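Since we're looking at a predicted model, the values are computed, not measured. Letters A, B, ... are given to chains in the order of the sequence lines, protein chains preceding strands, and every chain is numbered from 1.
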Amino acid sequence: MSFNSVHAVRSVSYSVAAGEVVAVVGESGSGKTVTAMSLLGLLPTTAKVSGRALLDGRDLYDMPPADLRKVRGGAVGMVFQEPMSALNPVFSVGDQLVEAIKAHQDLSTADARERAIELLDLVGLPEPARRFRSYPHELSGGQLQRIVIAMAVANEPKLLIADEPTTALDVTVQAEILELLRDLRSRLRTAILLITHDMGVVADLADRVVVMYDGQVVEQGTVTEIFTAPREKYTQELLGSVITLGARATEGVERALASELVVRENHLAVSEHPATSSVPDVPAVEPVLTVEDLTVVYGGRLRAISVRAADRVSLHVEPGEVLGLVGESGSGKSTVAGAVTGLVKATSGCVKVAGADIARVRGRAAKALRRKIGVVFQDPLSSLNPRTPVGDSVAEPIRLHKALNGSSVDKRVAELLESVQLSASLRNRYPHELSGGQRQRVCIARALALNPDLLIADEPTSALDVSVQAKVLDLFRSLQEEYGFACLFISHDLAVIEQLAGRVAVMHRGHVVEQGPTNGVLAEPLHPYTQRLLAAAPVADPEEQARRREVWRQLKV
Amino acid sequence: MKRRHSLAGIAAVAVLLAACGANDKPAGQSGGGQVKAGGTLYLLSDSPTQQYDPARSSSLVVTGLQFVHRRLTSWKVAPGQDTTIVPDLATDTGKPSDGGKTWTFTLKDGLKYSDGTPIRSADVKWGLERSFAPAFSGGLAYHKDLLSPGLTYKGPFEGGQELSSIETPDDKTIIFKLARPYGDWNWVASTPAFAPVPKGKGAEANYGEKPVASGPYQIEKFERGKEAVLVRNPNWDGKTDETRPAFPDRVVWQFSQQTNVISKRLIDDTGDDKNAFGTSFASPAQLAQIQGNASAKSRLVTSESGALAYLALNTQRGKLADVNVRKAFQYAINKSAYQVASAGNAQLAGDVATTLITPGLAGREQFDLYQTKPEGDPNKTKELLSAAGMPNGLDGLVLVSRAENDWPRKAESIQSSLAAAGIKVTIKPLDEETFTAEVQNKENPDYDLVLTSWQPDIPSANANIQPLFQSTEIGGGGYNVARYNNPDVDRLITEAQATVDPAEAGKKWAELDKKIMADSPVVPLIYTRNSYLHGSAVGNVKIGRFPAYADYRQFGIIQ
Amino acid sequence: MSDPLPLGGEVTPGAARSLPAALWRAIRRDAWTLTCAIIVVAIVLLAVGADLWVAIEGQDLNENIEALGPDGLPAGPLGGVSADHWFGVQPLRGIDLFALVAYGARVSLLVGLGATVLATVLGVLIGASAGYIGGWWDRVVSWASDVMLGFPSLVFMIALGAVAPIEFPRQLLLIVVLGIFGWPRVARIVRAQVLSLSKRNFVSASRVMGGGTWHVFTRQLLPNLWAPIIIVSSLTIPSMIGNEAALSFLGAGVLPPTPSWGRTISDAIDYFETDPMYLIFPGLMLFLITLAFNVVGDSIRDELDPKSKGRG
Amino acid sequence: MRVVKFVAGRFAGMVVVLLIVSFITFLVFYVLPSEPAQLACGRPCSPQALELAREFMGYNVPWYQQYFDFLGGIFTGRTFGSGPSAIHCPAPCFGYDFQNNAEVLDQILDRVEVSFSVAIGAAIIWMVAGVGLGVLSALKRGTPLDRITMAVAMAGVSMPAYLAGMLGITIFAFGLDVVPKNGYVPIGEDVVQWAWHLVTPWLVLAFLHAAIYARLTRGQMLETLGEDFIRTARAKGLTERRVVGRHALRNVLLPVVTVFGVDLGLLLAGTVITERIFSMPGVGMLLVDSIRSLNLPILLGVTLFAALLVTVVNFLVDLFYGVLDPRARLT
């Protein structure tokens, strides 16, 4: 198979048996998606495919278009990565579901509608008859993915191709979708070809695993074989770089279920769930950053609906300390980050950096305050000006604050690049010429250019591949040790927080529901939401994951 | 201005000025078969409407209004002959007495309106009184300041006051007591306001859409912007009307037609268009096209003469106040080029003008005080300017022209001529109302030269000279755009106006013509010819020496 | 990040390509673009060197009725095209048509470029400030540009032409009027671009580092605005040239005797049947320059913006 | 309730826009050195007569008073002069045109049929042709069909309206002599003749505009075909016809509809040049004529009418957009 004369995939073979879940794993560019797409002829017309893909003995690659169309959505269903964009925004979900049914079954519109509502019920959507009339933009990501799945299984396919079905979703939603897929497999006896980069998902769902690298299959075997005794070096590396929660998290939730928790000092949680208020801040000695009763309300005024993105949030970060702020999308963690950097205006409450209220300082004091703060954002590509060589980006804060001048700027830039393990010769490159990991290193170098007291890292690794993520986190940890800056580290991934943070605060729907030492929170999660979060994240160990799944099921009830 | 389609006077009536080198047939008429009574005549007009309210009309005796309204007097028009005045409603062309201050008219017997009621002298008076009402202003108003108390009289509708200067001792007699002697009053009596309106009627603003007819036709249907249908007035008696043969049974106006579409329909000459007459002049581009089409060429009628196109020199401004400088301008213009720019060639455009009074008016004398070639003599201009103390010519003069139609091109031609003679001008094209506001109304208007033209409303040299050169016509909306102020001339004008005997008056006007030209307030350019195109079934399309408009009264359908 | 095949979604922006490079690539890639670029250069040369070319032809802008036939139309076939008069002559006045077209090109290009520059400068300032400052200013700008776009602008341009004193240079007036009515288009694009750029983290990063409004605007936003600005202005030029011609066509453009394509075309339309060359030469020129600018602008856009690959 | 609020809000916005447009128009034309009363003055026109005419027409009061009189007339009507010969202009009075002795509103309404006939007919043709060709080009990307379509589209975009119009008239009406040369036949009179007389302007306008739509549609189609939901639709096993004709087209139409709204609004307002070329006595023609004769009441009326149309059409397009795109709907 080749695309634009670039060989995307070479000599790939694998098979899926009925009722079996086969996971194809690999990092970006490994060719796993291309292979799956090729099965249904969904690659761009410029792509050339050679080889055979047999479905019940019939070659999909060699099928007349009309027959292939019958296979699509009929014998083979497909689930995509981004549920938000996988559905046509201008048609109701019911319409799109009915269409999928009628494409393969000769049903009247009324019957197809009935069947669609049945399917919506099957994938666990509450009020299916009402949802039938909804439009994609009115539903959440998890609900949409259920609809995409309903569409894929509408005609009881023999094979379901799930291409990164949970990557775009929050962990708790991911756990539910994985549960649904597992349920469908057992109920409908559908074979599932699962394409993912997440070893935790593999451990959770797969029977067999195919590992791809650079367009080739490097290893395949049962899930136990791959996880316990990987033969290939690449597989070993891949598994080695996976960051997952330790077993103590599972135990913590188990203890919570058995009500054996002990509350320790400086570990607070709100009592009700869902929370209606945030926990107060734990006592501080000499904080670099203090967030006091921060409330941010978006909207309001002319539009009736206002959103309380953060509600009376109180936090602090001590010098040299890393505070992890964890929460799923919409929990308000990015709002807090925005308020802390001064990009978002607080509705009430205040943010103090080194004792100065960030919203009130003006002039010189404001500039001096800025010197003390460094920021690293989620998407490194968008964090760098595409029209500026990376060296200039790193030098920007130095020049802005006139910290150095002349050739000493260049020297400092080289120094910084080296400290993030980049060659100083990259300084004249433009961001698009660098890899994702390199770009994020540049961003870190820029954030550290003025030796800030406080670093705010907003999901700095979530856009990166697994192996890259591990390396960047390592770098981050060593830099933190070397420079000793205080850090507010924001992430949706508890496993990442576990690696880095001394203390952690958990956010849910605008409230801090729990905060305390990382150890305490993981081992003895007090708040039900924290417990769910801990139980939902899959770990890259089939046995451990089976145990966690059990815990998750109990929590749900 | 074409919107109101005033077919008369006003400096620059010429809508699409043109003329035709009708070399192969006598000027002023076209060939064709025999005209008989009956049929439908179509009049294609680019205007959205035709004003049939006599008080508000500025229509000439020969054009649209005459179908419906008669007046006290009328004109006898024929190609190759001077236009004369003849009676219409009146039995004669008026009896002057008291040295031209009192005029008496008697109505013919048996005159009836379309509704069958008799036409009385009081109705003529009522019609004139009505024209003083502010709601019905806008028409030809030559009578207004001659009938005291003039404009302080606000019409008969409010307060029911009568105009004391008009007396109607009986139903047949009407006596005008003028404010001053006026020899041309019989001509003035042919203007639209002298049409009868049944006493007490015509108070409504849209009277013009359903007027009570005195002429051979009455309005059956009137739709502004679309069409008007005129049918025969059963109570009109042809025996009382010597100027209207009234051949067609029906006359249909088609309004709001595009000029180029009119021209194309007429050239094509199919179906009803054979019975059609285009009321706008053919443009130079259309003329060029008609020249290449034998059929169309045979249906083109061109006037012998027409409006005087002239370049007015602002006699009250800068160097132009010096008569010697003004005289230099007389030699500067390449009138040949102006003719070509106007209509393509000299025959089409009209003869080179050297006098103020246009051909066809009684008493006119042909003369040329500044003899030169038609191409002009730029060197002579330079010499004269040098002699006047301007060896380097003139610079920075503002030449105002109309923005409509072909005026900008003609202004460019003038500009070229002047440039060759060392006079540099900037053209300032103005649309009608701005022209009025800037040139005619301002106290101290900003222009040196004005390119415009003038066609009198009545075939009298009076209407040619007085509005353009009497000092009372400077500013205040008057047409003396040369701002020419000569007390001698003013006095002579008043004298000539008061002269009742046409021959004697004619002599006085011809003298005035020379006297004014000696002061060189304007450079006469050409006597602009007008050309009309008509369908092959329309006969008797004729244009007299004056006015340069087709005589609608004669039109008939060739059967 | 998923697999690198362009199956849709975001494509890496073609970062640091400069305008000359993009133009050069567009020209080299496509013979059609090359042809159009040559046409642009040719017409620009025609305009700039109008005096020279007309002098070479041996003519000027003077009236010359000897070149006309007896009916006022150009003497000779094809509107009087000859070795003396390359494009023939104007009916009724005999002015050399090549001279009219060459000097007319000067007016068209001057007004077209001037109005584009003005519209772009205004549009960038207003649009960028609206997108960047936001709030009430943004609302005012959005609303004002809505009003402007819904405005019967032609009426206005004609009215302004009538009000402006004769001493006021008409070309300048046209530039100002077209520029003022042209900014909303530019402003909308720039505003949208600024809004989307403002959401990018590098802008936030610069602000967090303590970069003031001016710093962020000039250092972070502006360099990323050049591409859309260049694209929008290269596509504005032909429409401005067309607007000038349309206004002159309606008699609200440059004053006589200044030659202008629009004025010539307006005049020539009446002669289309008797002297078609009178319309064809200026009409073809107007069409060619508009087409050429559109094609070149389009190609530059394709080069600078990989998302809109024009020709397959 | 929200719909009512939305409509009320939009309506208020429209009124404000119209007020501004009318005010600016009024102001601009007020400063013109023009004498509108001159035409009602007659000939010869003495200063005294002119003053009477000004008084009668309401031009003898300060400009702001004139503006308020104008605004008031819209709601209460106006009366010029007094007594039995007074002219009444009933509400809504958008002014009275003394040059033609008619209410401005009547004159506009007389012309509306022509403008609408030209605009709507042409719009239908260009939408169908433009979108159709755009879709076809996108699907046959890179083929000669695509290249020719886009080249023709480029020519259409670059062609000045008056040139295209003249060529159209010359070729169809005079060269081939297949369509009528002149005039407009009201639809109520004869539908066939109506359409037959409009064919040339429709085709020429459609040629100019279809070009823009073809390019826009093609670009949008190419972008939309790359979207995830198209892949989903294909993966469902839908026919290509359904994927393109239903899933892609509906999304492609969204931006097309927005552009269409602006175009139609401007065209309906009487694209001046179009009507001048085709000798169509529509609102645009009225505007040109009133500019030439500086007929202020008509100018003001037509300007307001044009602005009203643009805003109303945009409002309708917004509503229609809601039908096409549920995300824009008010829930």
**Q.** Enclosure of C/Tyr132 OH (heavy-atom neighbours >12, cutoff 6.0 Å)
**A.** yes

Q) Using non-hydrogen atoms only, which part of A/Arg371 is less than 4.5 Å away from chain C: side chain, backbone, both, or neither? A) neither

Q: Flag the one option from A/Gly342, A/Ala449, A/Ser383, A/Pro452 with the top tally of heavy-atom pairs under 4.5 Å to chain C.
A: A/Ser383

Q: Please flag which part of A/Glu164 lies under 4.5 Å from any non-hydrogen atom of chain C: side chain, backbone, both or neither.
A: neither

Q: Give, as side chain, backbone, both or neither, the part of A/Leu400 having an atom under 4.5 angstrom from any heavy atom of chain C.
A: side chain

(Q) Could you measure the distance from the CG atom of A/Leu384 to the CZ atom of C/Arg200? Nearest 0.5 Å is fine. (A) 10.0 Å

Q.
To the closest 0.5 Å, what do you measure between CZ (C/Arg219) and OG1 (A/Thr388)?
A. 9.5 Å

**Q.** Leading residue by heavy atom contact count with chain C [cutoff under 4.5 Å; candidates A/Leu343, A/Leu464, A/Thr167, A/Asp163]
**A.** A/Leu343

Q: For A/Asp379 and C/Asn201, test the side chains for any donor-to-acceptor distance below 3.5 angstrom and give the result as yes or no.
A: no

**Q.** Sub-4.5 Å side-chain heavy-atom contact between C/His215 and A/Glu396
**A.** yes

Q: Side-chain contact test, heavy atoms from C-beta onward, threshold under 4.5 Å: evaluate it for A/Pro386 versus C/Asn224 and give yes or no.
A: yes

(Q) Could you check whether atom CH2 of C/Trp143 has more than 12 heavy atoms from other residues, nucleotides or ligands sitting under 6.0 Å from it? (A) yes

Q: Locate the shortest heavy-atom distance separating A/Arg387 from C/Pro223; write the atom from each residue and the value.
A: CD-O, 3.4 Å

**Q.** Pairs of heavy atoms under 4.5 Å with chain C: top-ranked of A/His197, A/Arg446, A/Glu82, A/Arg370
**A.** A/Arg370

